[in-house]
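Below is one structure, written out as structure tokens; the observations come after it.
Keep in mind that the numbers below use all heavy atoms, side chains included, and drop hydrogens, waters and symmetry copies. Lettering follows sequence order; numbering is per chain, from 1.
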Number of protein chains: 2
Amino acid sequence: MSSNVDKKNEESDVCAVDFAFRRIGGKYKGRILWHLNRHNILRYGELKKEMNNITTKMLTQTLRQLEQDELINRKVYHQVPPKVEYSLTEIGYELIPFVHYLENWGKKQLENKNQ
Amino acid sequence: MSSNVDKKNEESDVCAVDFAFRRIGGKYKGRILWHLNRHNILRYGELKKEMNNITTKMLTQTLRQLEQDELINRKVYHQVPPKVEYSLTEIGYELIPFVHYLENWGKKQLENKNQ
DNA sequence: CTGTATCCTTGAAGATACTG
DNA sequence: CAGTATCTTCAAGGATACAG
């Protein structure tokens, strides 16, 4: 792999940007990471309430993607009724500074708009 | 505005995250910012080459959005043939640290994958 | 060279009903 | 409680032709 990376290093850099954007893109991923960071651990239902109006389909689907990309942990308690807890993985946690950075940037833009 | 922000501060925080994600979401925005930062100024055609396979429709459309959100400048030289230069605004430039953060994060994940 | 204008395809997201 | 399963809608993105 490193053989063809050498000549076109710029390309692989861009791919990394692209790769990362695909990982955190979509309508809900940023907000889910934000909430999970704020609460450390959230059950499915708790997260759904925080997300306000998201459908179960979208929430489940998005959580599965995040889990597959290893940005979040999913811990199932085999009880009745069931209990499932979500939390950030280390990799996911590494995105938090960036989420906060974006949040502050966004706040700044919103303030300027409302003046 | 600040009156109803007090009681539900968390909500406005999330909105800022959401707001920012919409600004830099989409398939090409991150990469465009990345290239503009790298080259300072790029003409339409140069940027198109850098972007590799993007259609004129998508490139123009995305550039117009970025311009409207004041993340980039568009400078037209009324010549024949025309010449248009794109560059980052100050606001857009403020997103660069975040693009780089994501880039490094992405590189790290890609390295782990290929091992 | 820097775009517009159309038409078309695809995938993301939403609504709703149902289940272990 | 924590999801699945379908069906539908809609906007993002792509292909192609043309223009100032």
TODO: Using heavy atoms to find the nearest nucleotide of DNA chain C for A:Thr56 and A:Tyr28 separately, return the residue whose nucleotide is more 5′.
DONE: A:Tyr28

Task: DNA chain C: 5'-proximal contact among B:Pro81 and B:Lys57 (nearest heavy atom) - done: B:Pro81

- [ ] Give a yes or no on whether a salt bridge exists between B:Lys107 and B:Glu103, defined as a side-chain N under 4.0 angstrom from a carboxylate O.
- [x] yes

Open item on the list: Please determine whether a side-chain nitrogen of the Lys or Arg among A:Asp18 and B:Lys27 lies less than 4.0 Å from a carboxylate oxygen of the Asp or Glu.
Closed with: no

Open item on the list: Categorize B:Tyr77 for me: base, sugar-phosphate, or nothing, with a 4.0 angstrom heavy-atom threshold over every strand shown.
Closed with: nothing

- [ ] Give the first and the last nucleotide of DNA chain C, reading 5' to 3', that has any atom under 4.0 Å from a heavy atom of chain B.
- [x] C:dC1 to C:dT6

TODO: Please check if any side-chain donor atom of B:Tyr44 sits under 3.5 Å from a side-chain acceptor atom of B:Thr56, or the reverse.
DONE: no

Task: Residues B:Glu85 and B:Tyr77: side-chain donor-acceptor under 3.5 angstrom - done: yes

Task: Nearest-nucleotide 5' precedence on DNA chain D, B:Pro82 against A:Pro82 - done: A:Pro82

Open item on the list: Taking atom CD as the centre, does A:Gln79 end up with more than 12 heavy-atom neighbours from other residues, nucleotides or ligands that are less than 6.0 angstrom away?
Closed with: yes

- [ ] Provide the start and end nucleotides, 5' to 3', of the part of DNA chain D that has atoms under 4.0 Å from heavy atoms of chain A.
- [x] D:dC1 to D:dT6

- [ ] Is it possible for you to say whether A:Ile41 and A:Val76 belong to one hydrophobic cluster, with membership spreading through side-chain heavy-atom contacts below 4.5 Å?
- [x] no

Task: Five-pair end axes of the helix from C:dC1-D:dG20 to C:dG20-D:dC1 and the angle they enclose, rounded to 10° - done: 60°

If every non-hydrogen atom of [X] is compared with every non-hydrogen atom of [Y], which pair is closest and at what distance?
X: A:Arg74; Y: A:Tyr86; result: NE-OH, 3.2 Å
X: B:Asn52; Y: B:Arg31; result: O-NH2, 4.3 Å
X: A:Leu33; Y: A:Ile96; result: O-CD1, 3.8 Å

Task: Parallel, tilted or perpendicular: rings of B:Phe98 and A:Phe21 (30°, 60°) - done: perpendicular

